[in-house]
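Down below is the structure, laid out as structure tokens.
Computed from heavy atoms alone, side chains included, the values below leave out hydrogens, waters and symmetry copies. Order of the sequence lines fixes the chain letters, A, B, ..., with proteins taken first and strands second; residue numbering starts at 1 for each chain.
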There are 2 protein chains.
Amino acid sequence: MVKQLLSESQQDYLKIVLDLINEKKVARTKEIAHRKGVSMPSVTEAMQKLSQENYVQYSAREFIELTPKGEEAALRLTSKYAFLKHFLVDVLGIQDEIADKDACKLEHHLNKSTLDRFILLYQFLTECPKSDKRTINLFKECIKAAEGDFLCDSDCKSCFISSNFPHRFGEKTIHTLLSKLNRGQKGRVIMLGPDSEIRLSLIDKGLLPGSEFHVEEIGDANRPFVVQTDGCLIELDEEAAKMIEVAIEQPE
Amino acid sequence: MVKQLLSESQQDYLKIVLDLINEKKVARTKEIAHRKGVSMPSVTEAMQKLSQENYVQYSAREFIELTPKGEEAALRLTSKYAFLKHFLVDVLGIQDEIADKDACKLEHHLNKSTLDRFILLYQFLTECPKSDKRTINLFKECIKAAEGDFLCDSDCKSCFISSNFPHRFGEKTIHTLLSKLNRGQKGRVIMLGPDSEIRLSLIDKGLLPGSEFHVEEIGDANRPFVVQTDGCLIELDEEAAKMIEVAIEQPE
DNA sequence: TTGGATAATTAGGCGCGCCTAATTAAATTA
DNA sequence: TAATTTAATTAGGCGCGCCTAATTATCCAA
């Protein structure tokens with residue numbers, strides 16, 4: 001007995017079919033194609049294959065239905081997806097359409113035990129009596145600050161660039177801002193400031209918490225800083241450099 | 001000018017090449033094949049393609065090197081990967097090998113803004129002066145409890161199954177355990193208890209926080225509970241039913 | 001009831017990422 | 001240096017998931 005696993009695409013089809021049956025009583029080729037963003041022949045082909053493996057009840061030009069096996073699979077997938085979307089939207093504050101896509105990806109790719117840890121984190125933040133209920137609200141203030149909404153009564157902006165906890169990057173390190181370093185110094189990124197646009201560009205360039213770097217050129221208001229992370233040169237203007245909190249070795 | 005994007009597989013190749021160059025100075029077909037878990041011809045083919053698009057310097061039987069373009073790409077990917085693994089291991093406490101795989105998947109599939117939110121959450125939990133530094137430690141106790149390690153001085157086990165915060169599932173709901181419901185009642189899952197094995201099986205069956213269900217049959221120590229989530233029947237023994245905290249509509 | 005619109009399917013093809021088998025080049029060692 | 005081992009490549013093929021074009025079935029309205 002060979003255990004046939006569903007491909008990612010097949011999983012998507014099953015979820016879509018379930019959704020359509022719930023919403024509109026019947027699942028039609030055209031609508032499935034539309035939701036999945038593929039052509040109708042692709043749907044026909046997929047349904048034929050799924051029907052061979054007994055996930056759907058399908059014969060040409062008749063209603064597409066889920067078999068018990070297919071329904072079970074679809075429901076498992078859907079509930080994982082629903083939780084993940086929930087987490088992304090409610091805890092992380094991700095925008096709806098992006099959360100949709102990412103929840104779907106996560107549902108496909110996350111290991112069981114990792115999913116469980118996300119559930120645990122969710123439970124912890126929203127329900128655990130030991131965790132301060134304010135925690136999640138504080139985090140939401142952070143999000144607002146990161147989105148540039150400083151109208152909120154938090155002073156997160158300064159918090160982002162002035163924390164100085166000793167941290168996991170070693171005992172003998174001190175924390176400062178990248179903008180204060182000299183040429184030749186090495187360090188490790190601890191935090192990125194909240195400014196949304198710069199933040200995202202830094203992330204895109206690969207300068208994330210935990211990244212090691214080396215200062216190639218120091219800059220000022222007119223010239224850019226140039227830092228290297230493992231060989232990749234990144235230019236930063238002063239504004240960006242002031243947003244990057246770093247850990248450096250204690251100078252002797 | 002067509003913007004050629006790297007496929008998932010190509011991204012993996014670039015990361016592996018970068019790793020090998022850093023570790024062993026040179027990247028060899030055989031070693032790449034081994035790390036990626038593919039055959040050598042697959043590597044050759046991939047390198048030829050990557051070299052066409054100017055990500056690697058490649059000619060038959062010579063050393064494989066990264067072009068600046070390839071190195072930049074590899075570094076971006078690697079630093080995202082590194083952060084994500086970091087997050088999975090340090091915050092969520094995921095096991096090393098699983099974290100490796102999942103970080104890789106996340107790196108491929110997470111939207112930029114979602115990645116940013118994970119960074120924000122990480123920063124918040126580990127650095128933000130407003131969040132109680134104990135928060136993350138409390139969460140780690142939760143993890144221990146969920147792993148069945150009740151030797152830790154936390155009383156998380158009871159916490160898991162006795163919280164009664166009003167929560168987002170509506171104002172007029174009350175919280176109880178699934179084991180206390182009668183046949184025919186509907187409810188929504190709030191929390192799952194910490195027992196690792198049962199927990200994972202519930203998650204696998206699709207009974208996650210947020211799932212709606214309907215009690216088909218009530219059970220006791222000898223007979224199983226049967227609940228339905230959107231049409232999928234799930235059998236639960238009493239032990240499991242006692243681990244599921246649910247929200248139900250306030251009975252009139 | 002019949003012709004036109006719409007929906008669904010079949011036929012044929014394509015790119016990607018992988019494979020095995022066969023071949024060739026390079027490195028090692030007798 | 002010749003023989004052998006090891007590494008890398010070429011050749012040819014496969015399955016998956018998608019596509020377009022052409023065909024067929026179904027529905028609806030004149």
I'd like to know whether the aromatic ring centres of B:Tyr55 and B:Tyr13 sit less than 6.0 Å apart in this structure. no
Could you tell me how far apart A:Met47 (CE) and D:dC18 (C1') are, to the nearest whole angstrom? 14 Å
Short side-chain to backbone donor-acceptor contact, B:Arg117 and A:Leu92, under 3.5 Å: yes
B:Lys112: which residues meet the side-chain hydrogen bond (donor to acceptor under 3.5 Å, both in side chains) condition with it, sequence neighbours left out? none
Residues which pass side-chain hydrogen bond (donor to acceptor under 3.5 Å, both in side chains) with A:His214, listed by chain and number, not counting sequence neighbours: A:Glu216
For residues 91-101 of chain A, which residue pairs qualify under side-chain hydrogen bond (donor to acceptor under 3.5 Å, both in side chains), counting only residues two or more places apart or in two chains? A:Tyr81-A:Asp100, A:Lys85-A:Asp96, A:Lys85-A:Asp100, A:Gln95-A:Glu97
Please give the angle, rounded to 10 degrees, between the axes at the start and the end of the helix from C:dT1-D:dA30 to C:dA30-D:dT1, where five pairs define each axis. 10°
Rounded to the nearest angstrom, tell me the gap between atom CG in B:Leu5 and atom C1' in C:dG17. 17 Å
May I ask you to verify if any side-chain N or O of A:Ser9 is less than 4.0 angstrom from the OP1 or OP2 atom of D:dC16? no
Is A:Ser39 near enough to D:dC18 that one of its side-chain N or O atoms lies under 4.0 angstrom from OP1 or OP2? no
Could you state the atom-to-atom distance from CD of A:Glu53 to C1' of D:dG15 in whole Å? 13 Å
Distance check needed: C:dC16 P versus B:Leu50 CG, whole Å only. 12 Å
Taking side chain to side chain contact (heavy atoms under 4.5 Å, CB included) as the test, write out the residues that go with A:Leu66, two or more places apart. A:Leu14, A:Val17, A:Leu18, A:Ile21, A:Val56, A:Glu71, A:Ala74
Nearest-angstrom distance from the residue atom CD of B:Glu8 to C1' of D:dC16: 15 Å
Does OP1 or OP2 of D:dC18 have a side-chain N or O of A:Tyr13 closer than 4.0 Å? yes
With sequence neighbours left out, which residue pairs that include part of residues 42-51 of chain B fulfil the side-chain hydrogen bond (donor to acceptor under 3.5 Å, both in side chains) condition? B:Ser39-B:Ser42
Give one of base, sugar-phosphate or nothing for A:Ser42, where a contact means two heavy atoms less than 4.0 Å apart. base
Contact list (N/O, under 3.5 angstrom) for nucleotides 8-11 of chain C vs protein:
from	atom 1	to	atom 2	distance (Å)
C:dA8	OP2	A:Lys30	N	3.0
C:dT9	OP1	A:Tyr58	OH	2.3
C:dT9	OP1	A:Arg61	N	3.0
C:dT9	OP2	A:Thr29	OG1	3.3
C:dT9	OP2	A:Thr44	OG1	2.8
C:dT9	OP2	A:Tyr58	OH	3.3
C:dT9	O4'	A:Arg61	NH2	3.2
C:dT10	OP2	A:Gln48	NE2	2.7

Rounded to whole Å, please give me the gap between CG in A:Leu20 and P in C:dA7. 15 Å
Across all chains, not counting sequence neighbours, the side-chain hydrogen bond (donor to acceptor under 3.5 Å, both in side chains) partners of B:Ser113 are B:Asn111
Between D:dA7 atom P and B:Phe63 atom CZ, what is the distance in whole Å? 14 Å
Not counting sequence neighbours, which residues clear side chain to side chain contact (heavy atoms under 4.5 Å, CB included) with A:Leu110? List them please. A:Leu84, A:Leu106, A:Thr114, A:Phe118, B:Asp102, B:Leu106
Hey, is the side chain of B:Lys36 poking within less than 4.0 Å of OP1 or OP2 on C:dC18, counting only N and O atoms? yes
